[in-house]
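These notes are about the structure you will find just below.
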Number of protein chains: 2
Amino acid sequence: MKRRTASAPTSVAPAPAAAPPESGARRQILDAAAYLLRNRGYEAATTRAIATAVGIKGGSIYHHFPSKDAIVGEVVNEGVRVVYDAVEKALNALPTRAPPRRRLEAAIKAHLLSSLEHSNYTSASIRAFAFLPDSVRKGCRIERRRYEALWTQLVSELYQAGLIDPNISPESVRLLLLGALNWAGEWYRPERMGIDDIARDFAASILRAK
Amino acid sequence: MKRRTASAPTSVAPAPAAAPPESGARRQILDAAAYLLRNRGYEAATTRAIATAVGIKGGSIYHHFPSKDAIVGEVVNEGVRVVYDAVEKALNALPTRAPPRRRLEAAIKAHLLSSLEHSNYTSASIRAFAFLPDSVRKGCRIERRRYEALWTQLVSELYQAGLIDPNISPESVRLLLLGALNWAGEWYRPERMGIDDIARDFAASILRAK
DNA sequence: CGCACTCCCTAGCGCTTGTTAGGTTACGCG
DNA sequence: CGCGTAACCTAACAAGCGCTAGGGAGTGCG
């Protein structure tokens with residue numbers, strides 16, 4: 001009974017990062033949990049379902065994680081970290097002194113790409129967050145605040161550039177924008193409208209015509 | 001053992017509507033289910049939890065409803081109907097030929113009031129919808145489409161009034177707006193910002209300065 | 001070889017889920 | 001009074017949940 005699952009060779013230094021080798025199975029469990037959390041929610045992401053998706057039996061999960069909530073917590077936290085990195089990277093890739101509206105478009109696009117196409121972790125941390133147990137939610141408050149701060153900063157740039165009516169509260173603008181982005185997972189169908197188009201329209205919608 | 005639960009008198013024509021008397025208990029069950037669906041999601045809204053909230057035992061639910069999903073379906077459907085009615089009523093209460101931006105503000109305010117303050121049914125149908133079983137979701141597709149159509153109409157009025165850049169897709173504007181509104185339940189705290197303020201800011205954000 | 005360790009399995013614990021069958025109580029009506 | 005029915009309860013069913021104890025392969029190292 002060989003239960004090899006296309007594993008990487010363990011002999012020739014397979015770990016490119018500084019972190020511990022991650023063991024393969026751990027990553028697979030997190031991936032499966034992220035997928036289930038995204039598509040079916042917290043309660044439906046059972047330990048047995050996760051195990052089956054990985055190709056092991058229910059009890060074996062506990063060799064890699066101390067509890068279900070530890071898995072969920074790790075997924076949600078990584079989800080926020082992934083969008084954060086994606087948006088930050090997209091902004092840094094822009095030429096210095098790029099106009100704020102370009103920066104906004106790039107940030108929107110990066111957020112949507114993460115949550116809709118690239119990462120089950122990000123979409124899981126958005127969609128499943130509402131009904132997570134409090135213990136898990138507390139575990140990613142700092143990460144979430146950090147991400148919010150990134151957008152607060154971005155929005156304030158828009159005000160300074162005169163692209164938003166100063167009578168509107170910046171808090172409102174940030175909540176409007178992030179709300180619309182986070183909800184996109186509920187209606188997005190790639191064949192109907194591309195992410196580039198959505199990002200352009202969303203950015204244009206909240207900016208004053210120059 | 002008197003299990004009277006502050007019931008209305010059944011002798012002097014208690015039913016003001018044309019619908020059947022609704023029996024009291026039925027309504028209480030739906031109310032409890034809506035509350036649990038809003039605050040803890042589909043799986044946590046167990047038949048026993050609903051029954052306990054009403055003051056009866058788990059099995060007795062099935063005297064009033066054929067299944068859990070029948071309850072959930074009814075709650076979600078009513079939730080959409082309630083926002084629809086609220087928005088429609090708010091629009092009709094406006095003076096004829098009220099400016100489109102006033103109509104937008106009124107619609108936003110009505111949606112937020114329903115989903116944040118007035119109706120557990122509406123907030124349940126928004127928050128819990130994502131992970132509902134497919135059978136339940138299909139049961140309120142018509143109602144949801146009808147509500148979307150209302151907003152499509154409203155957005156098109158804004159375009160005709162020249163309040164939105166015609167280069168932006170109307171579909172994008174509707175999705176941006178409804179997304180932001182539906183997500184508001186995740187961050188809204190009445191002591192931080194009033195619904196009137198949110199509605200004004202949201203409306204102003206997507207309208208071109210006149 | 002023997003030991004330690006990683007990885008996984010089997011079997012089951014105690015509990016909860018949606019749902020049902022059958023019985024009990026209370027009340028309105030003829 | 002007697003009957004029917006609505007409203008509720010008890011008790012249980014099979015299934016599923018998170019989680020654990022204990023065991024058995026395989027591997028690397030001394």
Side-chain angles (χ1 to χ4, degrees), chain A residues 1-15 20-29 32-33 36-37 40-73 75 131-133 135-136, chain B residues 1-15 20-30 32-33 36-37 40-75 131-133 135-136:
Chain A
M1 186 190 304
K2 49 202 66 171
R3 59 180 78 93
R4 204 127 298 280
T5 47
S7 71
T10 52
S11 50
V12 282
E22 187 66 284
S23 92
R26 246 187 91 89
R27 190 57 327 152
Q28 287 183 43
I29 289 171
L36 286 168
L37 280 172
R40 324 230 295 108
Y42 175 76
E43 323 256 359
T46 67
T47 55
R48 283 184 242 269
I50 295 171
T52 300
V54 177
I56 62 180
K57 294 302 172 66
S60 307
I61 289 276
Y62 291 83
H63 180 71
H64 303 279
F65 293 93
S67 72
K68 168 180 173 174
D69 283 355
I71 304 177
V72 175
V75 166
F131 300 127
L132 253 33
S135 55
V136 177
Chain B
M1 183 190 301
K2 48 202 67 170
R3 59 179 76 95
R4 203 125 300 280
T5 46
S7 72
T10 51
S11 50
V12 281
E22 186 67 285
S23 92
R26 246 188 90 90
R27 189 58 329 150
Q28 287 184 43
I29 290 172
L30 291 171
L36 286 168
L37 278 172
R40 323 231 293 109
Y42 174 77
E43 324 256 0
T46 67
T47 56
R48 283 176 176 82
I50 295 170
T52 300
V54 177
I56 63 180
K57 294 302 173 66
S60 307
I61 290 277
Y62 290 82
H63 181 72
H64 303 279
F65 293 91
S67 72
K68 168 178 173 174
D69 283 355
I71 304 177
V72 175
E74 213 158 304
V75 167
F131 301 126
L132 253 33
S135 55
V136 178

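Chain identifiers are assigned alphabetically (A, B, ...) following the order of the sequence lines, protein sequences preceding nucleic acid strands; residue numbering begins at 1 within each chain.
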Could you check how far [atom1] of [X] sits from [atom2] of [N], rounded to whole Å?
X       : N      : atom1 : atom2 : result
A:Ile61 : C:dC9  : CD1   : C1'   : 13 Å
A:Ile56 : C:dT10 : CD1   : P     : 12 Å
B:Asp69 : C:dT17 : CG    : P     : 15 Å
B:Arg40 : C:dT17 : CZ    : C1'   : 14 Å
B:Ile50 : C:dG18 : CD1   : C1'   : 11 Å
B:Glu43 : D:dA15 : CD    : P     : 19 Å
A:His64 : D:dG18 : NE2   : P     : 17 Å
B:Ile71 : C:dT17 : CD1   : P     : 14 Å

*Looking at C:dG18, D:dC8, D:dT10, which one has an atom nearest to any side-chain atom of B:Lys68?*
C:dG18

*Between D:dC8, D:dT10, D:dG18, which nucleotide gets closest to the side-chain atoms of B:Lys57?*
D:dT10

*Closest nucleotide of DNA chain D for A:Gly59 versus for A:Thr46: which of these residues is on the 5' side?*
A:Thr46

*Please tell me if the side chains of A:Thr47 and A:Tyr62 come closer than 4.5 Å, counting only heavy atoms from C-beta onward.*
yes

*So do the side chains of B:Tyr42 and B:Asp69 get within less than 4.5 Å of each other, counting heavy atoms only?*
yes

For [N], take OP1 and OP2 only and decide whether either is under 4.0 Å from a side-chain N or O of [X].
X       : N      : value
A:Tyr62 : D:dT20 : no
B:His63 : D:dA7  : yes
B:Ser60 : D:dA7  : no

*asked:* Counting the atoms with a prime plus P, OP1 and OP2 as sugar-phosphate, which does B:Thr47 contact under 4.0 Å by heavy atoms, base, sugar-phosphate, or nothing?
replied: base

*Can you tell me how far CD1 of B:Ile71 sits from CZ of B:Arg26, rounded to the nearest 0.5 angstrom?*
9.0 Å

*Indicate the atoms forming the closest heavy-atom contact of A:Ile56 with A:Ile61, along with that distance.*
CD1-N, 4.2 Å

*What heavy-atom pair brings A:Ala44 and B:Glu43 nearest, and what distance separates the two atoms?*
CB-OE2, 3.9 Å

*Per the atom types in the model, does the base of D:dG16 pair as donor or acceptor with the side chain of A:Arg48 at under 3.5 Å?*
no

